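Notes follow the structure.
Being a predicted model, the structure only gives us computed values, none of them experimental.
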Amino acid sequence: MLPLPEGEFDAYLFDCDGTIADSMPVHHQAWLRALEEYGAEFGEELFYAWGGRTPASVIADLNARQGLTMPADAVNERRERFFEELLPGVRAVPEVLEHIEAAYGKVPFAVVSGSGRESVTASLKALGLLDRFDVMVCAEDYVNGKPDPECFLTAAKLLNVAPERCVVFEDTDFGMQAAAAAGMAAVRVPPPWQRHSSKIN
């Protein structure tokens with residue numbers, strides 16, 4: 001089990017993709033398929049570096065970098081559709097699932113994601129975990145995406161728990177920065193290539 005930071009916590013806040021759901025490789029495939037007709041490139045290294053960002057901000061930056069004018073809503077709808085087609089292959093991250101099972105019913109849980117509510121709901125339903133979470137904070141629920149702390153502070157407020165009494169589970173640099181900016185302790189979830197090896201460093 002991934003070790004928790006020192007201290008007592010009154011709420012657990014979980015990112016979804018790459019944290020609860022081992023879905024980042026599937027998301028990358030969905031992105032590639034959605035971007036294909038526009039000739040946009042989104043390599044694996046950049047995809048993981050931008051993990052935790054909202055789809056709209058990703059599309060805007062890809063447009064700026066590559067001189068494109070992709071329509072954000074249309075690209076995102078295509079990406080969502082491809083992701084749902086690929087979703088049956090997604091599994092839960094075992095080391096995070098252990099924490100969910102161990103603490104469920106003892107402290108409230110929130111999902112705090114840069115993805116849209118429809119995508120997050122579909123992922124959690126596919127994993128049989130949707131009923132575990134008291135609160136969902138998704139891309140539609142805040143203005144400033146990670147690394148801004150707004151999403152985590154929104155979740156703490158909805159749970160009525162002080163930020164310093166929350167612990168965050170995250171797999172991305174942007175997510176870890178957002179948790180720190182919110183004044184929350186955090187657990188770093190290793191990326192797939194570390195989790196899928198025989199030993200977690």
Side-chain angles (χ1 to χ4, degrees), residues 13-93 96 110-130 133 136-148 150-152 154-155 169-178 189-196:
L13 312 185
F14 297 87
D15 174 53
C16 184
D17 298 306
T19 298
I20 298 170
D22 192 5
S23 53
M24 292 301 274
V26 171
H27 269 293
H28 188 223
Q29 287 303 310
W31 270 109
L32 293 179
R33 287 168 66 176
L35 296 171
E36 190 174 11
E37 73 169 88
Y38 301 98
E41 296 181 3
F42 196 14
E44 189 175 40
E45 192 173 326
L46 184 61
F47 169 74
Y48 279 100
W50 283 2
R53 296 182 54 179
T54 62
S57 72
V58 168
I59 295 163
D61 273 3
L62 289 175
N63 277 339
R65 284 178 170 223
Q66 298 177 34
L68 300 169
T69 55
M70 295 183 289
D73 288 347
V75 173
N76 196 39
E77 282 172 18
R78 281 171 57 83
R79 184 192 62 78
E80 290 274 8
R81 192 167 69 250
F82 289 135
F83 177 68
E84 286 185 22
E85 288 175 12
L86 296 164
L87 192 56
V90 172
R91 299 288 177 264
V93 174
V96 176
V111 175
V112 186
S113 177
S115 295
R117 185 173 296 271
E118 188 178 334
S119 174
V120 174
T121 300
S123 292
L124 295 177
K125 270 186 180 173
L127 297 173
L129 294 173
L130 185 61
F133 296 93
M136 288 174 64
V137 177
C138 303
E140 303 92 328
D141 302 316
Y142 53 88
V143 176
N144 301 299
K146 303 170 188 177
D148 190 278
E150 182 185 353
C151 56
F152 288 125
T154 298
F169 291 77
E170 259 290 354
D171 69 308
T172 68
D173 290 339
F174 285 127
M176 293 296 286
Q177 291 165 24
V189 179
W193 54 89
Q194 289 182 18
R195 286 189 278 104
H196 296 167

Can you tell me how far [atom2] of [Y] sits from [atom1] of [X], rounded to the nearest 0.5 angstrom?
X	Y	atom1	atom2	answer
Cys138	Glu118	SG	CD	11.0 Å
Gln177	Asp148	CD	CG	11.0 Å
Glu36	Trp31	CD	CH2	15.0 Å
Ile59	Arg53	CD1	CZ	10.5 Å
His27	Leu87	NE2	CG	8.0 Å
Phe174	Asp15	CZ	CG	13.0 Å

Shortest non-hydrogen separation from [X] to [Y] and the atoms involved:
X	Y	value
Ser123	Cys16	CB-SG, 4.1 Å
Val96	Ile20	CG1-CA, 4.2 Å
Leu68	Tyr38	CD2-O, 3.8 Å
Asp141	Met136	OD2-O, 3.6 Å
Glu150	Asn144	OE1-N, 2.7 Å
Gly175	Lys146	CA-CD, 3.9 Å

Exercise for the section: Report yes or no: does Arg91 contribute a side-chain atom to a donor-acceptor pair with the main-chain N or O of Asp22 at less than 3.5 Å? Expected result: no
Answer whether the closest heavy-atom distance between the side chains of [X] and [Y] falls below 4.5 Å.
X	Y	value
Phe14	Leu124	no
Thr19	Val93	no
His28	Pro25	no
Phe83	Ser119	yes

Problem - Parallel, tilted or perpendicular: rings of Phe42 and Phe47 (30°, 60°) - result: perpendicular
Practice task
Check the surroundings of atom CD in Glu37: do more than 12 heavy atoms from other residues, nucleotides or ligands lie under 6.0 Å from it?
Solution key: yes
Problem - Neighbour count above 12 (heavy atom, 6.0 Å) for Glu140 CD - result: yes
Practice task
Output every pair passing side-chain hydrogen bond (donor to acceptor under 3.5 Å, both in side chains) with a member in residues 62-77, not counting sequence neighbours, ordered by first then second residue.
Solution key: Asn76-Arg79
